[in-house]
Amino acid sequence: MKPTITAFKQSPDRGRGLARDMRVRWALEEVSLPYDVQLLTFPEMKAPAHLARHPFGQIPTYEEGDLVLFETGGIVLHIAQSHPGLLPDDANGRARAITWMFAALSTVEQSIVELQWVMFTERDKSWYEERLAMVHDRIRARLAELSQRLGDADWLDGAFSAGDLMMASVLLRVRGSGLLDEYPNLAAYVARAEARPAYQRAFAEQLAVFHAASGG
Ligand code: GTB
């Protein structure tokens, strides 16, 4: 059954692929699963029909027959477990790849989301610069540890997996700050992930939504 995902009708990231539907699109492209997209306005995201799908009124969601999922971690894991291509065959390798997904979402993404909150909502505060520097340092600490672990490997644990998909998606969100470039092996890791044909197809799809919404 062809799944349907939800995404912003007008993404605030202006087609830069930073909204979280991108990681779901990417996973679907990696496993060559065709999908439909339902685009939502902000009021539609907060209306009862969407709240029935997503308790927090966010995007993305994933619907496949009777199955309705929210949270990109759960969605990408479901895709990876139901189709070959994103998880290793051996049980220990699968467990480690899933662990990297959790690490991306809980250990690395947390301070990156905090940075975005600070930049969006605290820019006018007297302590903005001080707080920004603190959050930057928190992110640097995580990036340094991750950089150390990755070393000169292509991917986090053997072949590309859902763990890399999630980690690269999270790291992409911090690239605009310049912090990623302080760790050349992480910048190269993200560039390698972006060069994957599945990533490119997913990126083009979400960019087309932005162009359609802006009439260009
Ligand atoms: N933990 C959830 C998941 O992983 O699925 C988080 C989902 C989430 O935060 N969704 C956001 C949303 O729906 C869109 S992606 N926000 C509306 C709301 O919470 O009411 C977050 C996002 C938005 C904009 C940019 N940007 O402009 O660069 C990047 C990321």
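For ligands, and for the atoms within them, numbers begin at 1 and follow the listed sequence.
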Asks: Do other residues, nucleotides or ligands put more than 12 heavy atoms under 6.0 Å from the CZ atom of Phe102?
Replies: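 Atom CZ in Phe102 is not crowded, with 12 or fewer foreign heavy atoms closer than 6.0 Å.
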
Asks: Below 4.0 angstrom, N of the basic side chain to O of the carboxylate: do Glu29 and Arg196 qualify?
Replies: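 Between Arg196 and Glu29 there is no salt bridge, as every charged N stays at least 4.0 Å from the carboxylate O atoms.
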
Asks: Between Phe8 and ligand 1, which residue portion shows a heavy-atom distance shorter than 4.0 Å: side chain, backbone, both, or neither?
Replies: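 For Phe8, only side-chain atoms sit under 4.0 Å from ligand 1.
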
Asks: What protein heavy atom lies closest to atom 1 (N) of ligand 1? Include the residue and the distance to one decimal.
Replies: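 The protein heavy atom lying closest is Glu71 OE1, 2.8 Å.
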
Asks: Nearest protein heavy-atom contact for atom 5 (O) of ligand 1: which residue, which atom, what distance?
Replies: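 Ranked first by proximity to atom 5 (O) of ligand 1 is Thr72 N, 2.9 Å.
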
Asks: Between Asp157 (side chain only) and Gly93 (backbone N and O only), is there a donor and an acceptor less than 3.5 Å apart?
Replies: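 No, Asp157 side chain to Gly93 backbone: no donor-acceptor pair under 3.5 Å.
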
Asks: In terms of atom number and element, which parts of ligand 1 are under 4.0 angstrom from non-hydrogen atoms of Phe42?
Replies: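 Contacts of ligand 1 toward Phe42, numbered from 1: 17 (C), 20 (O).
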
Asks: Can you report which non-hydrogen protein atom sits closest to atom 11 (C) of ligand 1, along with the distance?
Replies: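 Heavy-atom neighbour on the protein nearest atom 11 (C) of ligand 1: Ile59 O, 3.8 Å.
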
Asks: Backbone, side chain, both or neither: what part of Arg173 comes under 4.0 angstrom of ligand 1, heavy atoms only?
Replies: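 It is the side chain that touches ligand 1; the backbone stays farther off.
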
Asks: Determine whether more than 12 heavy atoms belonging to other residues, nucleotides or ligands lie under 6.0 Å from atom CD of Gln81.
Replies: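 Counting neighbours around CD of Gln81, more than 12 heavy atoms of other residues, nucleotides or ligands fall under 6.0 Å, so yes.
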
Asks: If you have a sec, work out which protein heavy atom is nearest atom 24 (C) of ligand 1 and how many Å separate them, to one decimal?
Replies: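 Nearest protein contact, heavy atoms only, for atom 24 (C) of ligand 1 is Pro12 CG, 3.7 Å.
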
Asks: Using a 4.0 Å heavy-atom threshold (strictly under), name the region of Arg14 that reaches ligand 1: side chain, backbone, both or neither.
Replies: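 It is neither part, as no heavy atom is under 4.0 Å.
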
Asks: Heavy-atom contacts with Lys46 under 4.0 Å: which atoms of ligand 1 show up? List them by number with element.
Replies: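 Answer for ligand 1: 18 (C), 20 (O).
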
Asks: Any N or O on Leu18 sitting closer than 3.5 Å to an N or O of ligand 1?
Replies: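 N/O-N/O distance below 3.5 Å does not exist for this pair.
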
Asks: Would Glu114 and Arg142 pass as an ion pair if we require N to O under 4.0 Å?
Replies: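 Salt bridge flag = no for Arg142 with Glu114.
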
Asks: Determine, considering heavy atoms only, which of Met45, Arg20, Arg16 sits nearest to atom 17 (C) of ligand 1.
Replies: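 Considering heavy atoms of Met45, Arg20, Arg16, the nearest to atom 17 (C) of ligand 1 sits in Met45.
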
Asks: Near Arg131 CZ, under 6.0 Å, is it more than 12 heavy atoms from other residues, nucleotides or ligands?
Replies: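 Yes, enclosed.
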
Asks: Look at the aromatic rings of Phe160 and Trp155 and report parallel, tilted or perpendicular, splitting at 30° and 60°.
Replies: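 Perpendicular: the ring planes of Phe160 and Trp155 meet at over 60°.
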
Asks: Write out the residue and atom name of the closest protein heavy atom to atom 7 (C) of ligand 1, then the distance separating them to 0.1 Å.
Replies: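 Checking every protein heavy atom, the shortest distance to atom 7 (C) of ligand 1 gives Gln58 OE1, 3.4 Å.
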
Asks: Quick one: which ligand 1 atoms are inside 4.0 Å of a heavy atom on Asp13?
Replies: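 Close to Asp13: 26 (N), 27 (O), 28 (O).
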
Asks: Name the orientation class of the two ring planes belonging to Tyr199 and Phe203 (parallel below 30°, tilted from 30 to 60°, perpendicular beyond 60°).
Replies: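 The rings of Tyr199 and Phe203 lie parallel, inter-plane angle below 30°.
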
Asks: Please determine whether the number of non-hydrogen atoms from other residues, nucleotides or ligands lying under 6.0 Å from atom CG of Asp152 exceeds 12.
Replies: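 Result for CG/Asp152: open.
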
